[in-house]
*Asks:* 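There's a structure below that I have some questions on.
Start at 1 and go down the list; that is how both ligands and their atoms are numbered.
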Amino acid sequence: MNAVAGAVLVLNSGSSSLKYQLLHPGSGEVVHGGLIERIGETEVPDHKTALRRVFDEFTARGLDLTDGAGTPEGLVAVGHRVVHGGRSFHSPTVIDDHVLAEIRRLSSLAPLHNPANAQGIEVARELLPRVKQVAVFDTAFFFHLPAAAATYAIDRELAEKHALRRYGFHGTSHEYVSRRAAEFLGRPTSEVNQIVLHLGNGASASAVRGGRAVDTSMGLTPLEGLVMGTRSGDIDPGLVLHLGRSLGMGIDEIDTFLNRRSGLKGIAGENDFRALGALIEQGDEHAKLAYEVYIHRLRRYIGAYLVDLGGADAITFTAGVGENAAHVREDALAGLEGFGIVVDPERNAGRISEPTRISPDDAPVAVLVIPTNEELAIAREAAAL
Ligand code: ADP
């Protein structure tokens, strides 16, 4: 049988990258996938060219994405990761002209991401006109955050008029991982209160009560919250004013400054966690400081969410850093025995690539590592529609 039959193509178009994966939503079996980076800086000038290249690559492997497309004998859907769903989208949505226009309109809230997402959608519709295209929004899981957690303490009328609220991101991952964690514990999702720490290049924390998100660290944009590879996370908003007023920086300059030249990179000149670790081993003081600021912020959110939830059943680590950096897991939770939080050094050692409990079996709080799989989650959502 044709390997494309029943499969979903998942596309994740970043500002300068395109991640793609062809997989079977039921079994999770990945037929083929890859990543095109530095779009715009290399011989791949835009997302259109990138996606054409992906199609050629599939064809070269004997995988014809158009063969039987839109029927059970071919590709059943294309699932697009879309970063910002704004107030318009709170669940996976089949894309038509109106939906695409709305995703574009939301670019003002996510200028780095939504335009790229929209381009990916446009090209995929053009190349695969018979296949259902589904948008899966990064903000959806947090759409129903309690008002107290979603509202900025700013002028209410202005906020309502311009949809200024805390939206949260990485929702697909937080939702997937929190469900998998409950499954792993053998308990219904509705009974588990947990803190999910998605620590990748971008990083976010969430508090999930019985399967529903009640708080999250990212806000109107993915800039708020934890210290990230190149993003500052929380700062005093007064800093922005100061950069403009006293240092004469323009708005776009400040945007680049906070989104691309801050975080670990801003403090230590390095945003990759492995490279940061190597610098720390060489005794680099700035790298050490960057790590300490990162851990300090992370612990602050853990503390806040423990209070939000009135105690957690589980604390779950995921994504590149969360799955691979044992010292981050250890340092984030050090000294919290009084809260029932203990990390077993042997269980915690090294990189973890399958669902694992890293706390002792009898500890009150289950500390888990659950590898995230946004592609699978998106493929399942897309296929389910
Ligand atoms: P994103 O999807 O946000 O780009 P990932 O979830 O892939 O990011 O995470 C990337 C981060 O994970 C990088 O900082 C990288 O250094 C870190 N990482 C990957 N492998 C390891 C490892 N073995 N040890 C420590 N950090 C790691």
*Asks:* So which protein heavy atom does atom 6 (O) of ligand 1 come closest to, and at what separation?
*Replies:* Gly320 N, 2.8 Å
*Asks:* Would you check if the distance from the ring center of Phe142 to the ring center of His174 is below 6.0 Å?
*Replies:* yes
*Asks:* Which ligand 1 atoms does Gly202 reach within 4.0 Å, using its non-hydrogen atoms?
*Replies:* 3 (O)
*Asks:* Should the heavy atoms of other residues, nucleotides or ligands under 6.0 Å from CZ of Arg130 be counted, would the total exceed 12?
*Replies:* no
*Asks:* Below 4.0 angstrom, N of the basic side chain to O of the carboxylate: do Glu224 and Arg166 qualify?
*Replies:* yes
*Asks:* What's the shortest distance from atom 20 (N) of ligand 1 to any protein heavy atom, and which residue and atom give it?
*Replies:* Asn324 ND2, 3.3 Å
*Asks:* Please answer whether the main-chain N or O of Leu220 pairs with a side-chain N or O of His84 as donor and acceptor at a distance below 3.5 Å.
*Replies:* yes
*Asks:* Examine Leu199 against ligand 1 and note whether any of their N/O atoms are separated by less than 3.5 Å.
*Replies:* no
*Asks:* Got the closest protein heavy atom to atom 11 (C) of ligand 1, with its distance?
*Replies:* Val321 CG2, 3.8 Å
*Asks:* Please compare His198, Glu323, Arg274 and report which has the shortest non-hydrogen distance to atom 24 (N) of ligand 1.
*Replies:* Arg274
*Asks:* How close does the nearest protein non-hydrogen atom get to atom 2 (O) of ligand 1, and which residue and atom is it?
*Replies:* Lys19 NZ, 4.0 Å
*Asks:* For atom 26 (N) of ligand 1, which protein heavy atom lies nearest, and how many Å away is it?
*Replies:* Phe273 CB, 3.6 Å
*Asks:* Geometry only, no angles: is Gly200 polar-contacting ligand 1 at N/O separations under 3.5 Å?
*Replies:* no
*Asks:* In terms of residue, atom name and distance, what is the protein heavy atom nearest to atom 4 (O) of ligand 1?
*Replies:* Asn201 CB, 3.5 Å
*Asks:* State whether Arg179 and Glu183 are salt-bridged, where the test is any N-O pair (Lys NZ or Arg NE/NH1/NH2 against Asp/Glu carboxylate O) under 4.0 Å.
*Replies:* no
*Asks:* Output yes when Asp361 and Arg347 qualify as a salt bridge under the 4.0 Å nitrogen-oxygen rule, no when they do not.
*Replies:* yes
*Asks:* Run the ring-centre check on His90 versus Phe137 and record whether the distance is less than 6.0 Å.
*Replies:* no
*Asks:* Among all protein non-hydrogen atoms, which one is nearest to atom 16 (O) of ligand 1, and what is the separation to 0.1 Å?
*Replies:* Asp272 OD1, 2.7 Å
*Asks:* Quick check with a 6.0 Å cut-off and a 45 degree axis cone: is Arg180 positioned over the face of Phe184's six-membered ring?
*Replies:* no
